[in-house]
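Throughout, a chain's letter reflects where its sequence line sits, starting with A, and its residues are numbered from 1. Keep in mind that what you see is a predicted model, and the values were worked out from it rather than measured.
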Protein chains: 2
Amino acid sequence: MMLRPMPGADRPAAAHVSAISSLIRKGAGEVLFAEGDAQDNVYEVVRGMLRLYKLMPDGRRQVIGFLSAGQLLMASGPDGLCVSTAEAVTEVTVCRYPRAAFERLIDEIPGFARRLLALTWQALQIAHDQMLLLGRKVAMEKVASFILLLAERQHADGDPDTLDVPMTRADIADYLGLTVETVSRTFTRLKRDGLIDLPNPNLVHILDRERLEDIAAGDAGYEV
Amino acid sequence: MMLRPMPGADRPAAAHVSAISSLIRKGAGEVLFAEGDAQDNVYEVVRGMLRLYKLMPDGRRQVIGFLSAGQLLMASGPDGLCVSTAEAVTEVTVCRYPRAAFERLIDEIPGFARRLLALTWQALQIAHDQMLLLGRKVAMEKVASFILLLAERQHADGDPDTLDVPMTRADIADYLGLTVETVSRTFTRLKRDGLIDLPNPNLVHILDRERLEDIAAGDAGYEV
DNA sequence: CGAACCATTGACCCCAATCAATGAACGTGG
DNA sequence: CCACGTTCATTGATTGGGGTCAATGGTTCG
């Protein structure tokens, strides 16, 4: 489960429970938990970025989401088994809360459950939007949507049109239901067409946000 | 938002609040609410089936899910705007709860919020599984997964291998990220290969569940 | 009986996958 | 410091799975 901070909430939802938590650091590429693990914890990303994904037996991968600072993550279901794998994209610091203690707080702190419910509902909406993207958008629309999603996430640090891209092309491909090659070609095309600049693979400058938004929404204005 | 009954819960979560609810009937094809509507309600399906979907400006459609008896549906976000459209697949009876009253109950009834949270979390997991399907599975795997999903849903009424398929091929296609033609061809192929029987378009008999499950999981055993 | 809708099937085509090669960036160790 | 391996990104050539276009038949309904 992937949760984002509530709009208007100044502090992450789990800030209440720092007494029972423990801080964990992971280097890039390290696994926090894997699909099927029997560990039963709630995590909060403090610094860095995680990727959450599911695997098929033959290695096909679907990235469910990228989690950055402030986001909550319930790793396992009622049975205590993890339903996806969480891996560090960059070096990350996460805060771990034992599930049992977390659940107790739900009953004790008034309004906490409602807040969690709102967060989970929001996560569900994001998942539904991603279903539209995966099921119905073409490659160009997927990549444009992804760039705007990144932009939305980091409007805090200065220029809203300058984007850090910490994940690899393979991560992006597995998030968008494409291949590495198609993602790369699409970035190149967006650059060639003057919608973005791409000084290096991990840095994007948005040059024409309006057209990007039209493309992402499917208002087909990108055929040249 | 789409919710399913908690495992082990004998009654739908909203059964507590029947005092403030109203029953609504809709004929097949009728719209319960549409994306962007400002109505702020929680629904529970009593009888029949709903489809939930999102649209793109040019008419491309992604079906988010099919809801049958017992399932809960929070139509709108914190801003009160509906994030998807709900339409009757068959004739349906739904129970409507005003959001405000529903929210009050969350604070008043102990454990209710937690129960809703569990339901929402489960809905999120289903959405994540669907993301894997949409992003990484091939047509045959998608259709096999869909048939097994249908089977899971109606194991109550008698034969677990006899499935009612109330939705159209277009609904299925928009749920799986395919076209009507591909869905139809894939059903035909499954029938030809002896994995299912298809007496008519709305009735499926599962003949080889094990192979269907292998295909759905991606254990590629369906090339002939 | 005709209109509308739905499902199926065939012919053809195209977008994105696959296969393949190259270059850039980054350690790591001699 | 440089040779080497590894990983990542890009680009080109080719292919194929599923989309598109089109036609047919079944069913329902007015």
If you compare all heavy atoms of I147(B) against all heavy atoms of V204(B), which two are closest, and at what distance to 0.1 Å?
CG2-CG1, 4.3 Å

For the pair made of CZ in R189(A) and P in dG12(D), what is the distance, rounded to whole Å?
14 Å

Ring-face cation contact, F187(B) with R169(B), 6.0 Å cut, 45° max
yes

Show your working on side-chain hydrogen bond (donor to acceptor under 3.5 Å, both in side chains) between S145(A) and K137(A) and close with a plain yes or no.
CA-CA 9 Å; S145(A) 301; K137(A) 290 187 181 178; 3.0 Å; yes

How many Å lie between NZ on K191(B) and C1' on dT9(C), as a whole number?
13 Å

Hey, what bend do you get for the helix from dC1(C)-dG30(D) to dC13(C)-dG18(D) if you fit axes on five pairs at each end, rounded to 10°?
10°

Between T179(B) and dG18(D), is there a contact of a side-chain N or O with OP1 or OP2 at under 4.0 Å?
no

Whole-Å distance separating the CG atom of L176(B) from the P atom of dG18(D):
12 Å

Taking all atoms of both residues into account, what is the closest heavy-atom pair of E35(B) and T85(B), and its distance?
N-OG1, 3.0 Å

When all nucleic acid strands are considered with a 4.0 Å heavy-atom cut-off, which category describes L198(B): base, sugar-phosphate, or nothing?
sugar-phosphate

Using a 4.0 Å heavy-atom cut-off across all strands, classify G29(A) as base, sugar-phosphate, or nothing.
nothing

On DNA chain D, does the nearest nucleotide to S184(A) precede the nearest nucleotide to K137(B) from the 5' side, or the other way round? Give the residue.
S184(A)

Here the distance between atom C1' of dA17(C) and atom CG of D174(A), to the nearest Å, is 13 Å

Does OP1 or OP2 of dT7(D) have a side-chain N or O of T168(A) closer than 4.0 Å?
no

Touch check for V180(A), heavy atoms < 4.0 angstrom, all strands: base, sugar-phosphate only, or nothing?
base

Quick check for you: among dT10(D), dT11(D), dG10(C), whose closest atom lies nearest to any side-chain atom of E181(B)?
dG10(C)

Would you say R185(A) places a side-chain N or O within less than 4.0 Å of OP1 or OP2 belonging to dA16(C)?
no

Atom CZ of F187(A) and atom P of dA9(D) are separated, to the nearest Å, by 10 Å

Whole angstroms only, please: what is the CZ-P distance between R136(B) and dG18(D)?
13 Å

Note: G135(A) and L134(B) closest approach over all heavy atoms is CA-CD2, 4.1 Å

Distance check needed: dT7(D) P versus D171(A) CG, whole Å only.
15 Å

Just by distance, with hydrogens left out, do E87(A) and Y53(A) show a side-chain donor and acceptor under 3.5 Å apart?
yes

When the nearest nucleotide of DNA chain D is assigned to N202(A) and to L178(B) on a heavy-atom basis, which residue is associated with the more 5' position?
N202(A)

How long is the line joining CZ of R192(B) and P of dG10(C), in whole Å?
11 Å

Measure the acute angle between the ring planes of F33(A) and Y43(A), then classify it against the limits of 30° and 60° as parallel, tilted or perpendicular.
parallel

